[in-house]
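Written out below as structure tokens is the structure these notes cover.
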Amino acid sequence: MKATGIVRRIDDLGRVVIPKEIRRTMRIREGDPLEIFTGKEGEVVFKKYSPMESLADHAAEYVAAVHTVTGFSCAVCDRDRVVAFAGAGKREALEREISARCEELMSARRAIGAESEASGFPLLRDQDQLRVLSFYPIIAGGDLAGMISLIQNGEKRPSPAEERMIQVGAQFLGKQLEG
């Protein structure tokens with residue numbers, strides 16, 4: 001853990017304000033869930049909670065199957081980072097932050113197909129090689145949980161059936177989160 005030098009007091013309702021600089025750096029937005037941990041030496045640690053982490057194993061199996069069947073790299077992301085990835089670029093993508101464009105389109109809860117003008121944007125925040133061809137948001141209980149996407153593979157475009165596979169995956173993962 002890294003000390004920030006910032007000290008805050010707890011108010012009479014037990015609340016503590018997380019400074020704006022830390023929220024910006026850690027990409028914590030209003031309404032984001034935080035998980036609370038305690039340590040042996042009196043530490044209280046807040047960690048951004050991702051419901052997708054509980055499905056990481058299922059998501060990894062799903063993207064591996066999609067990659068095997070379609071030949072496209074496939075990614076499952078929570079609202080901030082890549083949770084599961086199969087295909088070329090796995091080492092570069094797994095656990096990395098998603099691009100601002102991914103966050104923006106995901107927040108709109110809109111599916112993007114390979115034929116859309118919005119297609120072809122970077123998956124990751126700090127690199128351009130992995131580009132999203134199509135994606136579907138993962139919705140659980142009315143809340144945005146993440147997205148599943150097909151990643152560009154040369155000039156090949158996914159067929160409607162291949163895009164339907166990730167739509168089904170998004171709905172499946174959303175239902176798993178609800179149950």
Side-chain angles (χ1 to χ4, degrees), residues 1-2 22 24-29 32-35 37 45-108 110-116 118-140 144-159 161-174 176-177:
M1 256 186 309
K2 186 169 72 173
I22 292 175
R24 187 180 318 116
T25 302
M26 300 304 296
R27 299 170 63 192
I28 298 171
R29 297 175 289 271
D32 281 353
L34 298 175
E35 196 167 9
F37 297 90
V45 178
F46 292 92
K47 180 182 177 204
K48 285 181 71 172
Y49 174 72
S50 170
M52 292 300 297
E53 282 184 18
S54 66
L55 292 181
D57 292 339
H58 292 300
E61 291 173 8
Y62 194 83
V63 295
V66 169
H67 173 63
T68 300
V69 171
T70 67
F72 286 98
S73 293
C74 185
V76 170
C77 306
D78 63 13
R79 293 181 59 197
D80 297 307
R81 62 186 179 76
V82 178
V83 174
F85 193 95
K90 180 176 181 174
R91 185 176 299 128
E92 295 83 16
L94 205 53
E95 300 295 325
R96 299 279 294 282
E97 289 184 356
I98 61 174
S99 69
R101 183 73 173 141
C102 271
E103 287 180 8
E104 175 188 324
L105 291 170
M106 192 185 336
S107 293
R110 233 178 77 213
I112 302 292
E115 299 307 317
S116 166
S119 180
F121 55 89
L123 173 67
L124 303 176
R125 181 168 293 277
D126 55 358
Q127 67 105 304
D128 273 351
Q129 291 86 335
L130 299 174
R131 301 188 79 74
V132 175
L133 282 177
S134 56
F135 83 84
Y136 285 85
I138 299 170
I139 309 292
L144 178 67
M147 70 174 197
I148 185 168
S149 60
L150 291 177
I151 308 302
Q152 193 164 8
N153 182 8
E155 296 300 313
K156 182 182 171 196
R157 294 288 199 198
S159 69
E162 291 168 330
E163 287 188 333
R164 194 98 167 113
M165 288 178 74
I166 64 167
Q167 181 181 16
V168 168
Q171 290 177 355
F172 174 77
L173 292 171
Q176 292 298 306
L177 288 170

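From a predicted model like this one, the values you see are computed outputs, not experimental measurements. The first residue of the sequence shown is numbered 1, and numbering continues consecutively from there.
- Taking CG from Leu133 and CZ from Phe121, the interatomic distance works out to 9.5 Å, rounded to the nearest 0.5 Å.
- Put simply, CD1 on Ile151 and SG on Cys74 are 7.5 Å apart, with the number rounded to the nearest 0.5 Å.
- Proximity of a side-chain donor or acceptor of Glu163 to a complementary backbone N or O of Ala114 within less than 3.5 Å is detected.
- The environment of CZ in Arg29 is crowded: more than 12 heavy-atom neighbours from other residues, nucleotides or ligands sit within 6.0 Å.
- Between atom CD1 of residue Ile22 and atom CD1 of residue Ile28 there is a gap of 8.0 Å, rounded to the nearest 0.5 Å.
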With side chain to side chain contact (heavy atoms under 4.5 Å, CB included) as the test, would you mind laying out the steps for Gln171 and Tyr136 before giving the verdict? CA-CA 9 Å; Gln171 290 177 355; Tyr136 285 85; over 6 Å; no
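- The side-chain contact (heavy atoms from CB on, under 4.5 Å) search around Ile139 returns Arg109, Pro137, Leu144, not counting sequence neighbours.
- Using a 4.5 Å heavy-atom cutoff, the side chains of Tyr62 and Val168 are in contact.
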One pair to check against side chain to side chain contact (heavy atoms under 4.5 Å, CB included): Leu173 and Val76. What are the steps and the verdict?
CA-CA 10 Å; Leu173 292 171; Val76 170; 4.0 Å; yes
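- Of the candidates Leu124, Leu123, Ile138, Ile148, Leu123 is the only one forming a side chain to side chain contact (heavy atoms under 4.5 Å, CB included) with Cys77.
- Within a 6.0 Å radius of CG in Asp57, other residues, nucleotides and ligands contribute 12 heavy atoms or fewer.
- Shown here for Leu150 and Glu162, the closest heavy-atom pair between the two residues is CD1-O, 4.0 Å.
- In this structure, the side chains of Gln129 and Glu92 stay at 4.5 Å or more apart for every pair of heavy atoms.
- Here the straight-line distance linking atom CZ of Arg96 with atom CG of Leu94 works out to 10.5 Å at 0.5 Å rounding.
- Note that OG of Ser149 is 12.0 Å distant from CZ of Phe72, once rounded to the nearest 0.5 Å.
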Check: Does the pair Lys90 and His67 meet the rule for a side chain to side chain contact (heavy atoms under 4.5 Å, CB included), with working shown?
Finding: CA-CA 11 Å; Lys90 180 176 181 174; His67 173 63; over 6 Å; no
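- In this structure, the side chain of Ser119 does not engage the main chain of Glu115 through any donor-acceptor pair within 3.5 Å.
- By the side chain to side chain donor-acceptor pair (under 3.5 Å) test, Arg131 is found to be paired with no residue, residues two or more places apart in sequence or in another chain being considered.
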Exercise for the section: With side chain to side chain contact (heavy atoms under 4.5 Å, CB included) as the test, would you mind laying out the steps for Phe135 and Leu105 before giving the verdict? Expected result: CA-CA 9 Å; Phe135 83 84; Leu105 291 170; 3.5 Å; yes
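- Under the side chain to side chain donor-acceptor pair (under 3.5 Å) criterion, Glu95 pairs with Arg81, not counting sequence neighbours.
- Taking CD1 of Ile166 as the reference point, atom OG of Ser134 lies at 3.5 Å (rounded to 0.5 Å).
- Between Ile98 and Met106 the shortest side-chain heavy-atom distance falls below 4.5 Å.
- The shortest heavy-atom contact between Cys102 and Pro122 is SG-O, 3.8 Å.
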